[in-house]
Amino acid sequence: MAKNEIVMENYFDALEKVKNKIIQTQNQVMTTANVERNILYWNIGKVIIEYSSWGNRFVETLSKDLRMIYPGVEGYSVRNLNYMKQFAGRIPSEEILHQVGAKISWKAIKTLIDKTDTLEEHLWYTSQCLENGWSTTVLAHQLESNLYERQVLVDKTTNFKTQLADHLMNRSRK
């Protein structure tokens with residue numbers, strides 16, 4: 001076999017490695033883009049809050065002007081600008097924003113704004129999304145099933161110690 005001849009089995013290994021690197025990098029780029037977009041949206045929300053004394057016409061005018069300045073770029077509707085304002089009002093600091101607040105999809109953030117009442121609940125669901133890789137669909141299901149209430153707020157009672165046989169309890173204490 002010639003020195004520069006491609007061995008098909010080895011070639012497919014090389015191809016698989018390259019494909020995996022491409023996918024890994026694409027995922028990293030998407031994650032970074034999502035985080036940066038969410039930070040941008042939070043900052044826009046802060047500006048909207050800063051000038052909120054101008055009333056709803058400010059958001060409407062801002063939306064119209066941004067869409068004229070950035071034609072073809074989605075995300076600057078009145079509704080989305082109001083979500084940005086709520087997001088900035090919900091996440092109190094840049095530190096919290098960078099820790100967890102910006103690391104999930106914008107769709108998931110909007111879902112949390114709509115379906116959670118407190119910062120603690122919002123951050124708990126955010127951390128669950130990150131920990132468990134939840135999609136927005138799974139997040140919505142968990143919100144509908146009141147997972148936060150069931151996992152965090154409810155006092156957990158158990159009959160584990162009273163129902164477990166003595167010899168098993170003694171073993172578990174060792």
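Please read all numbers here as calculations on a predicted model, not as lab measurements.
Judged by distance alone, the side chain of Trp42 and the main-chain N or O of Met84 form no donor-acceptor pair under 3.5 Å. Formation of a donor-acceptor pair under 3.5 Å by the Ser63 side chain with backbone atoms of Val59 is not found in this model.
Classified by interplanar angle (parallel below 30°, tilted 30° to 60°, perpendicular above 60°), the ring pair Tyr76/Tyr70 is tilted.
Tracing side-chain contacts under 4.5 Å through hydrophobic residues (I, L, V, M, F, W, Y), one never reaches Val35 starting from Met30; they form parts of separate clusters. Under the 4.5 Å side-chain contact rule for hydrophobic residues, Ile49 and Tyr41 do not share a cluster. Ile113 and Leu130 end up in the same hydrophobic cluster when Ile, Leu, Val, Met, Phe, Trp and Tyr side chains are linked at under 4.5 Å. Follow the hydrophobic side-chain contacts under 4.5 Å out from Leu112 and you reach Val152 in the same cluster. Hydrophobic clustering (ILVMFWY, side-chain heavy atoms < 4.5 Å, transitive): Met68 and Leu66 are in distinct clusters.
Summarising the geometry of Ala88 relative to Gly45, their closest heavy-atom pair is CB-C, 3.5 Å, with the distance given to 0.1 Å. Of all non-hydrogen atoms in Asn80 and Gly75, the two that sit nearest each other are ND2-O, 2.8 Å. Of all the heavy atoms in Asp114 and Tyr83, the pair that sits closest is OD2-OH, 2.7 Å. Here the closest heavy-atom approach between residue Ala102 and residue Ile39 is recorded as CB-CG1, 3.9 Å. Scanning both residues, Ala108 and Thr136, for their nearest heavy atoms gives N-OG1, 3.7 Å.
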Let me see the working for Glu121 and Asp117 under side-chain contact (heavy atoms from CB on, under 4.5 Å), right down to the final yes or no. CA-CA 7 Å; Glu121 184 180 10; Asp117 297 320; 4.2 Å; yes
Show, in sequence, the C-alpha distance, side-chain angles and deciding distance for Ile104 and Trp134, and conclude whether the side-chain contact (heavy atoms from CB on, under 4.5 Å) test is met. CA-CA 9 Å; Ile104 61 175; Trp134 290 351; over 6 Å; no
Stepwise side-chain contact (heavy atoms from CB on, under 4.5 Å) test for His141 and Leu147: CA-CA 9 Å; His141 173 73; Leu147 184 65; over 6 Å; no
Audit row: Val78, Leu62, side-chain contact (heavy atoms from CB on, under 4.5 Å) steps and yes/no: CA-CA 8 Å; Val78 170; Leu62 182 63; over 6 Å; no
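Between Thr61 and Trp54, every side-chain heavy-atom pair lies at or beyond the 4.5 Å cut-off. With a 4.5 Å cut-off on side-chain heavy atoms, Lys85 and Ile44 do not count as touching. The side-chain heavy atoms of Leu123 and Thr118, taken from C-beta on, include no pair separated by under 4.5 Å. Considering only heavy atoms from C-beta on, Asn82 stays 4.5 Å or farther from Ile48 through its side chain. Using a 4.5 Å heavy-atom cutoff, the side chains of Leu97 and Asn38 are not in contact.
Side chains of Ser145 and Arg150: a donor-acceptor N/O pair is present below 3.5 angstrom, by distance only.
Qualifying side chain to side chain contact (heavy atoms under 4.5 Å, CB included) partners for Val47, counting only residues two or more places apart in sequence or in other chains: Tyr51. In this view, Trp124 and Tyr148 satisfy the ring-ring contact (aromatic ring centres under 6.0 Å, His included) rule, not counting sequence neighbours. Applying the ring-ring contact (aromatic ring centres under 6.0 Å, His included) criterion to Tyr125, with sequence neighbours excluded, gives no partner residue.
Here Cys129 contributes atom SG and Lys103 contributes atom NZ; the two are 13.5 Å apart, rounded to the nearest 0.5 Å. Of the inter-residue distances, the one linking Leu81 atom CG with Arg67 atom CZ reads 8.5 Å to the nearest 0.5 angstrom. With values rounded to the nearest 0.5 angstrom, Thr137 atom OG1 is found 5.5 Å from Lys107 atom NZ.
Through side-chain heavy atoms spaced under 4.5 Å, either directly or across other Ile, Leu, Val, Met, Phe, Trp or Tyr residues, Ile22 is tied to Val18.
Other residues, nucleotides and ligands contribute more than 12 heavy atoms inside 6.0 Å of the NE2 atom of His98. No more than 12 heavy atoms of other residues, nucleotides or ligands lie within 6.0 Å of NZ in Lys115, so this atom counts as exposed by the packing criterion.
The side-chain hydrogen bond (donor to acceptor under 3.5 Å, both in side chains) analysis of residues 87-96, with sequence neighbours excluded, yields the pairs Arg90-Thr116, Arg90-His122, Glu95-Gln99. Among residues at least two apart or in separate chains, side-chain hydrogen bond (donor to acceptor under 3.5 Å, both in side chains) pairs with a member in residues 21-34 are Asn34-Arg37.
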